[in-house]
Structure formats: structure tokens, C-alpha cells
Amino acid sequence: MHLISIDDLSTADIETLFRLSDGFLEVASRPIKKVPTLRGRTLINMFFEASTRTLTSFELAGKRLSADVVNIKASGSSVSKGESLKDTILTLESYRPDILVMRHDKVGACRMATRYTNARVVNAGDGSGEHPTQCLLDLYSLRRTYGSLEGLKVAIVGDVLRSRVARSNVFGFRKMGIDVRLVGPPTLMPPGIEQWDVPVYDDLSALEDVDVVYLLRMQLERAKGTVPPVPSLREYSRIWGLSPQRLRSGQRVMHPGPINRGVELTGDLADSAPSLILHQVESGLAVRMGILYHVLAPHPGEGPLVEEPLA
Amino acid sequence: MHLISIDDLSTADIETLFRLSDGFLEVASRPIKKVPTLRGRTLINMFFEASTRTLTSFELAGKRLSADVVNIKASGSSVSKGESLKDTILTLESYRPDILVMRHDKVGACRMATRYTNARVVNAGDGSGEHPTQCLLDLYSLRRTYGSLEGLKVAIVGDVLRSRVARSNVFGFRKMGIDVRLVGPPTLMPPGIEQWDVPVYDDLSALEDVDVVYLLRMQLERAKGTVPPVPSLREYSRIWGLSPQRLRSGQRVMHPGPINRGVELTGDLADSAPSLILHQVESGLAVRMGILYHVLAPHPGEGPLVEEPLA
Amino acid sequence: MHLISIDDLSTADIETLFRLSDGFLEVASRPIKKVPTLRGRTLINMFFEASTRTLTSFELAGKRLSADVVNIKASGSSVSKGESLKDTILTLESYRPDILVMRHDKVGACRMATRYTNARVVNAGDGSGEHPTQCLLDLYSLRRTYGSLEGLKVAIVGDVLRSRVARSNVFGFRKMGIDVRLVGPPTLMPPGIEQWDVPVYDDLSALEDVDVVYLLRMQLERAKGTVPPVPSLREYSRIWGLSPQRLRSGQRVMHPGPINRGVELTGDLADSAPSLILHQVESGLAVRMGILYHVLAPHPGEGPLVEEPLA
């Protein structure tokens, strides 16, 4: 199976993935942090957009599973010579990779890639589209923290407009029974937000009864040359920035990273006990190991690509 | 032995390489696409010019042979601090690599490198000089397709002027008994082409009786700041671009990639059955595995560098 | 233990490291240049400043010890999105790496990193601060050449001002009983040099009685946009550049690389028998393998991070 959208996974798939991730989390605590599961398999990380955090996470996940890992970055690649995405994927397919992890700046690019390869494609972020592995690591982090996801209340706060994380998380969280809401200034909500069928608030009082405040990264680097959707970062931070004082007792804070200290949240909040931010990163490596295993495992209705159960 | 020019190989060497490649092609079809052949050997890919396609192919070849692979790109390297090629090679030699795969923008750079290292040097393209591994993969692709090379008729079409592939292929194809000709507008033929001792045509009628049309990439990225050798791409495409309609029944099409859809050939031709383009890429990985093995294997008249036959 | 400053090591540590390096030097001479020592361990090379030579050396060291090696370069990383060093290190720590090799353009950055990770941190150069692994490889190269370090006379010559190598080497050489002096024009000596408590000469006659002339690289690439500390390279070379004629019989020459042929030394000197420059590079790989082993080995007073002696 591919993992392009969080919708590609059933709740049963997600539960299976959690159990796999439990095992891989334990591997990371060993002195020898490596298992032979994907020995001789080829993982290609094809990143058309820079993202060291996600790339490093997948690279380590592949190596700890003993796969052969090759990273390709668009800069300096055939892409910069004008090669089309189709031809890039067809070329890679000729090497018969087992898994293609792909980040691209265009919505739908990863889905399109599945048409040109027999490899399992994993979407590591496609433009303003989806970022399903982020959603899965967030869910796993919540499950590790709360035991059960059903009925949890989560507010996703901030720059929904330029966030692919928001989209994947709204749909993925709801699928697992989490009560989700969006919070932020109207200028940071995308057009058509009504169709997401999720409550939207433009007031921090909407955080009062939630278990978790999920802060989005203010996407400063995507704002160049355009009219910024907020008057100033200082203004944004004053109104929307989260501090320990604004957090209610027992509430937890999440963030997909990299964080902007002093913008979405204060530095002391990032470093405080209620913060799950580094817990998310740790969960991410285990979940990505689980995903690499899971997409290669046999699934109903699929062809003979996987010749044998993985050891 | 080194592989700097296609002339470094006898026809017997090339036949040996084909047999090796047959074996490695089979490896690529296994679930565990890896053999221990070069375990503990060090392969350094030293690329002074960007080329993700060739680099990825050699990186995968090395990893599937279980070698330790290190990629070095000139940007960000000591080269950008003004270090000479000689000192770069001498430095790398101090690490005692087994194989140095090198791409450079100057003709003769790879040959020069052999003076400063005990490693086997493989030329992955030196300026407008040679690209022997491309020639070998093309030969292997032809052999897989036609069984025998002797007497095949191949036309190499297009931007001969700026192509190192053309030079290597003319000489390598002829060595294996292929009947080669060059076809294209006179402005795309290099000065001194007479000395190649190969028929040159400036008319597409020269394609009529060939088995294979080998299209060269129009080297758009090398044209910056110079007078372009063709009036316009549209014009070039209209006159010289290959389409299914211009191909005769039974003819095959090859291209070293990356292709410019709509320039050298139409997109539907690239995707059609007569196209061997992806077959070439697949052949390339197997051939490069074969080359990495072959340059390290014992050869007559060589010193004691290889202490033992490879397993 | 971490390796941030050459002062972190006792003379006994350094002797232990030399014995380890002897073993790893022998490994590099085998056909199979690889040992399973760090199998399943994770080495992250975090380079905020470009340095292909040092990075390649650590990458190969890690791979030949069978560690999983991940290279991260600041360009294209979260750092370019404005993430703080603290958050970058905290994120990497979530992957539970065993060793973090770090180069940074700010003095003290590596020391600071130790506060945010349980990994062993190895300083691969921090701004104009220190470069302890260079010092150790230089010491090892001297020990291989002379047998004993005690009483050796070494002159460090040239661009002390912009060299982190000079600082580490003055302190490290002296620790091992070497008689060190600095030589060069006053404009290339840093303010406060008196506090180094080392003899400083501005005349090449200070080289007459030394065993080894250690030339520093003229840091041309750090001079952009500032008033150069020497009137011209030609002038510098004429007065300070070392040639075979200026070297006394039996003297040896060292240089941390990359060398500027025709500036600090003539090309024929670099290539001559008295030059230890490539001997240093070779020593560097063995010493870095030794360092990667040594920082993970159990040390008195340390916590339970290393669960078992390494095999």
C-alpha cells in the first residue's frame, strides 16, 4: 500500500501501526539500535523541498531497519535540468526501489508518483496538501501520553492557512475519535475552511476546555514577497503566543517543529513539562520505522510486489 | 584496472562485463537486492559537476554490493576553497579508497587522477571528453534487446557538439561491430568531426535503414551566455524532433537522459513501446555494479593492490 | 566523555587513543577495511560550516566502525528556517544518537550542545575556538614519525590570527612535552597572544633549530570584506612561504590542509619527502576511528549511558 493521505489508513491500520511503533520505540532504547527487518531493501528519499528534520527522521528509520538508503535532493538533480516529475519517477523506478519517500512543493505530486512506480510511495509533505506521517506521529504521541484517543479534546492553533499539518491532523484526529477545533485569526484560515466541517474560533477562550493545545508553526519562510497575513510577529505573539500563564493546569502543548521561540510560544513553555514537542520527535522516528515496515507488508487486494512476509 | 575511456576495455573485457551484469540484473529482481561482494571496500563518488542520475546509480550500485559509499560534491568542498585537483585526489588517497568514481568538468581530469591514487578510477564523465559507463550501459541495453551487437545499425542524432556521450558511444559501438553514423545539423557537429572517421548526415533520411535511433540530449544548461547553435528550440524540434510518425516499424529509440520532452522527441514517443530509455537506466545499475566489481578484480600486469579474488 | 577541547584529555587518555589508533591504522591496510565495533550505534555529523575534508574523515571513520552515519549540513536544514542551536540539538537528541560530531562557526557552540544531549559530543571545529581532533591527528602523526613526542621542537608558522588549529595545537603539543613556538608577522598574531604563554617570533630564523615546521593555512576564504592582514599574497609568499631551500636537512613539514600551493609553501615542498601532509590525513582517519570508540567507552564518574563495553 501507499501512504499518500491519512485517509489511506483505516483505524485498524492505525492501530496496527501503533503496535509496530511500540516495538520500534523499544529498539531505539537499546545499545544496538538496529534490526535486520528491511535488509537488502532500497529506500529512496526524494526531497524536492528542503526539510532536514523529516529527511533525517526517514533516513535514520531506514538505516535502523537495515535498508539501503539513498537521499536525493532536488537542487543539483536532474530536476534542475528541467526534467519532469514523471520522468524523474520513471527513472528511479528503473532501479526497483522498494519505498519512495517523497516531499514536493505541489499538492498531488505524491499521488501522481504512484502511477509511475511499483515502489510504495510515502508522502512526506506535498505543498499545502497533506503530511500524513506528521499526523500519525502526533496520534502516536497522544496515545503514548493518554493511553486512549477517543474523546480527547484538541485545539489546533495558528497558521492554518499555510499548514499542511493542519489539514492532515484535522482529518486524522477526527478519524480516531478526537474532538478537534481550529483556533486563530480569520486571516490565517484558508478559504473554504467551512468544508473541513470543523469548529473554527478566533478567540483564545476556545482553548479553555481542551486537553491539548496544538500550535502550528508560523510559516515565516513562505511569506516572502507576499502580503503577510498578520500585521507583525510581535502583534501576533502578543495576542496568540502561548505562555505557561495562558495554559490551564493539566493541559499539554504540541508543535510540529521547527518552533519559533517567542512567536507561537514562549521559550519557557517550550522547555516546560507540559510540552510534548520532543516527545513528538521521538515518536516520529518510531512511527516512521513502523510506516516503512507497514507499507511493504502484505495487504489485501495487492499484487505480488512483496514476495514474502518480512522477517 | 581503471575505466577512463571506452578504449581501456577490450571486446573480451566488455563481454566479461556483460556476463557480470547479467548476474547483477538478476540481483535487482530479488526481494533482498544485495550481495556481500564488496563488503568492507570503500567507494568514493567524487562529483565536481552535479549529476544526480549518474551519482544515484553508482551510489546504489556500491550499496547493493555492500561497499561503504561516500559521496563528495564539489560545492561546499575544499575545491571551493581553491584546492587543486591533485591535492584533492592525494587527500582522498590517504583514506585508501578502493574505487574512486569521478565526474569533472575538464577533459582529462579522471586520467590525471590515476597518477595520484592507488584506487581504481572510474570516469563518470569528464567535460566534453568521455562517458564510458554510459556507453557500456547502452551496449548492454542493446545486447539485452538484440542478443548480438555485430552488424546492428545505429544513428546518433542531435547535439553531438556538446555531448561526451556521442564520443564514447561512437568509439565503443564501433568496437563491438555496430555500424554507427551521426545525424544532425552541421552547427551541432564539433570541429574536427572528420577525425572521428564516422559518416555524418544532416538529413533525417539517414535514419531510414537503421535499427536504432539514439537521440542525444539538447544540452540547454550548457548554452547559457553563448551563441546558441540552433536558432530556436521550436525550430529544432520541428525539424529534428522524433515522433512515432517519423519512426519506421521495428526501430527502437534510445536516449541517455534526462530527456527534454517536446525537444529531441515527443512525449508519446518517450512513453511508447519502441523506447528503450528506461531499459537503459535499468541496464545502467547492473552495468555499474559489474564495473565496480570488474575494476577491482585481478587483471594481467597489475600490481598487488587486490590481495585476493573477490568472493 | 565528550571531546570539546584538547584539555578534556589527560596525557593518559591521549596515549590510550594512540594505541587504539594503531589498531585502526592497521584496519585501513586490510582488503576488508571494516570492523563491527559500533554496529547499531548512531553517529550524526552536524556541520553548520562546510568542511568536506573533516566530514569525509568522520563519515568514513563511522562507516568503517559499522555505525549508522547521518550527515546534516546547515544549508537546507531547519537552521536556515531560523531554528536555534538549542532546538536543533534537542531535536537530534530525540533520535538518541550515540555520538554527535559537530562543526560550528561560533566559539563554544559544541560545549553548549553537551547541555542538551546525552550523546557524546565531538568538536570538529568551533569558530576560531578549537579543533581538538586536528591536534590529536597531528600528535599521532608526530608519534608515528618520531616514536616519542617529549622534547620535540615544533614551530607553528603563519596565519595564527584566523586559525583554530593553532590554538588547539599549542596547548595539545605542550601537554605532550613538545617545545612549541609561534612564528609569523605580527599582523597575523591574535590580540592577547601573550596569554598563550608561548614564544612568538617574527623572523624565519626561529625555524633554524626546530624538528618540524608546522605551516598554517592562509585563511583566504575568511578574509572577504575585511582589511586583509597581509599586504598581498605574493608579498607573504616571498617572505614567509616555505621552499625546500629554506628547510634545513632533517626537518619535516606539516600542514592541516587544504594547502595553498605557492602561498604557505611551494608545490615542490608539498610533494617532497620531508612533507608529512598526507601522513597527517592518513593519521586523521585512524585517530577519528579511535576517538569515536574512545568517547563511547566507559569512563570514571560517568553515568550508565554506555551499557556495556564495546566489543
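Given the structure is predicted, the values throughout are model-derived calculations rather than measurements. Each chain gets a letter, A, B and so on, in the order the sequences are listed, and its residues count up from 1.
- Within 6.0 Å of CZ in Arg144(A) there are more than 12 heavy atoms belonging to other residues, nucleotides or ligands.
- Only the side chain of Asp271(A) comes within less than 4.5 Å of a heavy atom of chain C; its backbone N, CA, C and O stay farther away.
- Here the CG-OG1 distance, from Leu60(A) to Thr42(C), works out to 5.5 Å after rounding to the nearest 0.5 Å.
- With salt bridges taken as basic N to acidic carboxylate O contacts below 4.0 Å, none links Lys33(A) and Asp68(C).
- For the atom pair Glu59(A) CD and Ile72(C) CD1, the distance stands at 8.0 Å (nearest 0.5 Å).
- The two atoms that bring Arg261(A) and Ser84(C) nearest to each other are NE-OG, 4.2 Å, heavy atoms only.
- If you measure heavy-atom distances from Ser66(A) to chain C, you find no contacts under 4.5 Å at all.
- One distance of note links OG1 of Thr91(C) with CD of Glu282(A); it measures 12.0 Å at 0.5 Å rounding.
- Taken to the nearest 0.5 Å, the OG1 atom of Thr56(A) stands 7.0 Å off from the CD1 atom of Ile44(C).
- Taken to the nearest 0.5 Å, the CG atom of Asp87(C) stands 8.0 Å off from the CZ atom of Arg53(A).
- Closest approach of Arg96(C) and Arg64(A) over heavy atoms only: O-NH2, 3.6 Å.
- The two atoms that bring Leu278(A) and Ser94(C) nearest to each other are O-OG, 3.4 Å, heavy atoms only.
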